[in-house]
A.B. asks: 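Can you read through this structure? Questions will come right after.
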Amino acid sequence: MASSMLVKVTCLSMICLVLDIPLANAALSCGQIQLTVAPCLGYLRNPGPSVSAPCCNGLRSIYGQSKSIADRQSVCRCVKGTIFGLPGINLSALSSIAPKCGINLPYKISPSINCNTYFSNL
Ligand SMILES: *[C@@H]1O[C@H](CO)[C@@H](O)[C@H](O)[C@H]1NC(C)=O
């Protein structure tokens with residue numbers, strides 16, 4: 001149970017980072033995104049000096065599959081709907097995880113992010 005929640009949180013975090021990473025052709029479901037970013041959960045709950053390779057690889061995978069605005073919005077909603085509802089997530093760690101993986105996002109991931117507005121302004 002707890003691990004499942006953690007996975008969801010991690011996935012969401014990763015997704016936030018990956019807001020720029022739309023799901024390609026909707027090939028990735030929210031559940032798949034969550035599983036892909038699951039390795040990031042540990043970092044989000046207990047931030048360290050670096051993000052694990054599995055976590056970064058998962059983020060890059062999602063990022064690389066983002067192609068349309070609709071896909072990005074789906075990822076955004078998946079992340080927003082999951083991660084911010086979970087306890088124990090360090091928002092500072094969440095906002096810094098993408099840069100630490102070498103992924104440059106033009107915005108900050110936050111609980112107030114508007115998936116519609118953000119993506120329409122890309
Ligand atoms: C979040 O993590 C940072 C280190 O990256 C730490 O300084 C801060 O206290 C943490 N915040 C919470 C609410 O745990």
Side-chain angles (χ1 to χ4, degrees):
M1 316 303 178
S3 61
S4 178
M5 268 188 90
L6 291 176
V7 171
K8 288 183 179 180
V9 171
T10 299
C11 290
L12 290 176
S13 296
M14 296 299 280
I15 292 171
C16 286
L17 295 175
V18 183
L19 285 178
D20 248 0
I21 305 166
L23 297 180
N25 301 318
L28 296 178
S29 67
C30 187
Q32 289 177 309
I33 292 172
Q34 294 174 333
L35 288 176
T36 300
V37 299
C40 299
L41 220 169
Y43 176 81
L44 294 176
R45 298 184 69 204
N46 185 22
S50 65
V51 180
S52 71
C55 171
C56 288
N57 289 337
L59 290 178
R60 291 197 191 90
S61 176
I62 294 173
Y63 185 87
Q65 294 185 65
S66 315
K67 297 191 175 180
S68 70
I69 290 177
D71 284 341
R72 293 182 184 183
Q73 291 180 325
S74 292
V75 175
C76 177
R77 295 192 182 103
C78 174
V79 174
K80 184 177 181 180
T82 304
I83 201 164
F84 296 122
L86 298 175
I89 296 301
N90 187 311
L91 296 180
S92 294
L94 178 60
S95 65
S96 68
I97 196 168
K100 287 199 172 190
C101 286
I103 299 171
N104 297 313
L105 299 181
Y107 54 85
K108 288 283 187 178
I109 298 168
S110 74
S112 62
I113 188 167
N114 183 315
C115 294
N116 296 320
T117 300
Y118 171 73
F119 292 105
S120 63
N121 288 334
L122 285 176

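If you're wondering where the values come from, they're calculated on a predicted model, not measured in any experiment. Read the numbers this way: they start at 1 and go in the same order the structure lists the ligands and their atoms. Residue indices begin at 1 and follow the sequence shown. All values below come from the heavy atoms of this structure, side chains included, with hydrogens, waters and symmetry mates left out.
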A.B. asks: So Leu44 and Asn90, do their side chains get closer than 4.5 Å, heavy atoms only?
C.D. replies: no

A.B. asks: Does the protein put any heavy atom within less than 4.0 Å of atom 9 (O) of ligand 1?
C.D. replies: no

A.B. asks: Verify the contact flag for atom 14 (O) of ligand 1, where contact means a protein heavy atom under 4.0 Å away.
C.D. replies: yes

A.B. asks: Which protein heavy atom lies closest to atom 5 (O) of ligand 1, and at what distance to 0.1 Å?
C.D. replies: Pro47 CB, 3.4 Å

A.B. asks: Answer whether the closest heavy-atom distance between the side chains of Lys100 and Ser50 falls below 4.5 Å.
C.D. replies: no

A.B. asks: I'd like to know if the two cysteines, Cys55 and Cys101, have SG atoms within less than 2.5 Å.
C.D. replies: no

A.B. asks: Would the distance check show the side chain of Ser61 and the main-chain N or O of Asn57 forming a donor-acceptor pair, the cut-off being under 3.5 Å?
C.D. replies: no

A.B. asks: Distance to 0.1 Å, residue and atom name: give those for the protein heavy atom nearest to atom 6 (C) of ligand 1.
C.D. replies: Asn90 ND2, 4.1 Å

